[in-house]
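In what follows, a single structure is set out as C-alpha cells and then discussed.
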Number of protein chains: 2
Amino acid sequence: MSPRKPASQELTQEMIVEEARKQFIEKDFHQVSMRSIAKELGCSHGAIYYHFKNKAELFYVIIEGYFAELNHFLDETVNGTDDNQTKLYHVFLGFMEFGLNHQSQYEYMFMLRSNEVDGLSQEAANLSYEKFAQSVQSLSDDQLLISDIYSAFMALHGFVAHYRGYVVSFDEAKEAAHLHAEFIVKALK
Amino acid sequence: MSPRKPASQELTQEMIVEEARKQFIEKDFHQVSMRSIAKELGCSHGAIYYHFKNKAELFYVIIEGYFAELNHFLDETVNGTDDNQTKLYHVFLGFMEFGLNHQSQYEYMFMLRSNEVDGLSQEAANLSYEKFAQSVQSLSDDQLLISDIYSAFMALHGFVAHYRGYVVSFDEAKEAAHLHAEFIVKALK
DNA sequence: ACTGTTAATTAACCACCGGTCAGTATAAGG
DNA sequence: CCTTATACTGACCGGTGGTTAATTAACAGT
C-alpha cells in the first residue's frame, strides 16, 4: 500500500531505458512489453507511462543509439586509411554485420512501418540512408547513379531481412555476406 | 438464444477462408484477427476454431494460393515466347510486382519468422525460392553461380521489403523497379 | 513543526489479441 | 422417441498497449 516509493529507489528514465535495452537485445520489439520491463524493475507498468508517453517513445530513445552506432561506423570507415575499393567493400559488409548482429534493432530501424513505429525513427532511417548514399558515392571513383546506390542499399537490406531470424549472428552468414558484397560491387561497375 | 444455426447458414471452411482472404487484402496478418473474421461472419470467434486448429492453419490455406500464383507466374514467364534476356527481366519485375501488389501476403510468405508462422509456409517459401533459382538459371546463357542467384533473390526481396508500406501498389515504384532490375542484371553478367 | 504543492506510483480499468472448453441446441440415425 | 455426433456459443484464461483516479513521499515556505 505505498503508491510512492522512497527516493532511494525511485524510478528514473535511465533505469527504464537500460532495462528495455537489455531485454531488446534478446527479444524483439513485440516481445518486449511494458509489463515485462516493469516486472523486472519491480514496479507497475503504469509507472513507465509517467516517464514515457508510450512504447514507441521509450524505444526511440534506445534506437537512437543504434542509429548513431551505424552512422558512426560509416564515418569511421570512410575516414579510414584503406583504399576506396576496400572501404566500399567494408561499408557493405559492415552494414550486413550490423543488421545481423542487432537483428531486433535492425527490424525496428528499417523494417517496421509507420503504424507501429515513431515518426522520428523513420526520419532517422532516412538520414542513415543518406549517410550511406554519400559514403558509397564518396568511395566510388566514378559518378554513380542515385538509383544504383539505392539499389545497392536495398540489396543489402534484402540480405539482412532474409537472414534475420534464420541465423543468430553475422558470423553464420559471413561467407554469404562476402559473396553478396561482391555481387553488389559488380553491379556498381 | 440459438447455439446452433439452421443448416442453411452453416459455417463452412470456405466461408471462413473467403472472409479471411478478403480482410487479408486490406489489413496485414496481425490486423486480421479471428475475432474480426468471426464478427463479419456473424458467428463467435470460437466457432472458427472448430474448423481450423489455429490462426496459422487458417492463413496457410490462404497463403498457399499466393505461393501457387507466384510459382505459376514463374512457369508462365519461363515458357513464354520472348527471348531469354527479356524473360529474365520479366521474372525480376514480376517478383517485385507480386510483392508490392500483395504486400500483406508477401510479408507472411517471406518475411515473418518461425515463431509467428506455420512451418508449411516456410517450406513453401523455400520451394518458391528454388523455382525462382531454376528459372533464373534456365534463362541465363552462361552458368551462374548459385551465390549470385541467391544474391539476386535477396536484392529483389530487399526492394519489396523496402517499398512495402511506403507505397500502396507496384505502380508507384514501377520506375524504381525497372532500374533495380537493371542493376541486378548488371551484377549477373 | 505545520502546511501546501508537486512528483511519482499504484491499481484498477479499457479494448484488444489468440486460444480453450464446458455446455447446448440441432440434425440425423437407430 | 431416443440417442449421438455435430456445430456452435459464450464465458473464460493469460497476454498486450494504454489511461487515469487516488494516494503518498518528498520537498519548499512559513
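Here the structure is a predicted model, which means the values were calculated and not measured. Convention: sequence-line order gives letters A, B, ...; per-chain numbering from 1.
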task: Report yes or no: is the cationic atom of A/K55 (NZ for Lys, CZ for Arg) under 6.0 Å from the centre of the six-membered ring of A/F29, at an angle within 45° of the ring normal?
output: yes
- prompt: D/dT16 P sits how many Å from A/K39 NZ, rounded?
  reply: 9 Å
- prompt: Out of D/dC8, D/dT19, C/dG18, which has the shortest distance to the side chain of A/Y49?
  reply: D/dT19
message: Could you tell me how far apart A/F29 (CZ) and D/dT16 (C1') are, to the nearest whole angstrom?
response: 11 Å
message: What's A/S33 touching, base or sugar-phosphate or nothing? Going by heavy atoms closer than 4.0 Å.
response: sugar-phosphate
- prompt: Is the centre of the B/H102 ring less than 6.0 Å from the centre of the B/F24 ring?
  reply: no
message: Please pick, from C/dA7, C/dA11, D/dG10, the nucleotide with the shortest atom-to-atom distance to any side-chain atom of A/Y50.
response: C/dA7
- prompt: Is there a donor on the side chain of B/H45 or the base of C/dG19 sitting less than 3.5 Å from an acceptor on the other?
  reply: yes
field: Nearest-Å distance for atom pair NE2/P, residues A/H51 and C/dT6
entry: 18 Å
task: Give A/H30 one of three labels, base, sugar-phosphate or nothing, depending on what nucleic acid heavy atoms sit under 4.0 Å from its own.
output: nothing
- prompt: Just how far, in rounded Å, is P of C/dT20 from CG of B/N54?
  reply: 7 Å
query: Could you give the CE-to-C1' distance, from B/M34 to C/dG19, as a whole number of Å?
result: 9 Å
Rounded interatomic separation in angstrom, taking NZ from B/K55 and P from C/dG19: 8 Å
- prompt: Any chance the side chains of A/D83 and A/T86 put a donor and an acceptor closer than 3.5 Å?
  reply: yes
message: Between A/K189 and A/D142 (salt bridge meaning N to carboxylate O under 4.0 Å), is one present in this structure?
response: no
task: Take atom CZ of A/F52 and atom C1' of C/dT9, then tell me their distance rounded to the nearest Å.
output: 16 Å
- prompt: Between D/dG17, C/dG19, D/dT9, which nucleotide gets closest to the side-chain atoms of A/R35?
  reply: D/dG17
message: Over 60° means perpendicular and under 30° means parallel, so tell me whether B/Y150 and A/H162 are parallel, tilted or perpendicular.
response: perpendicular
task: Would you kindly give the CD1-to-C1' distance between A/I48 and D/dT16, to the nearest whole Å?
output: 13 Å
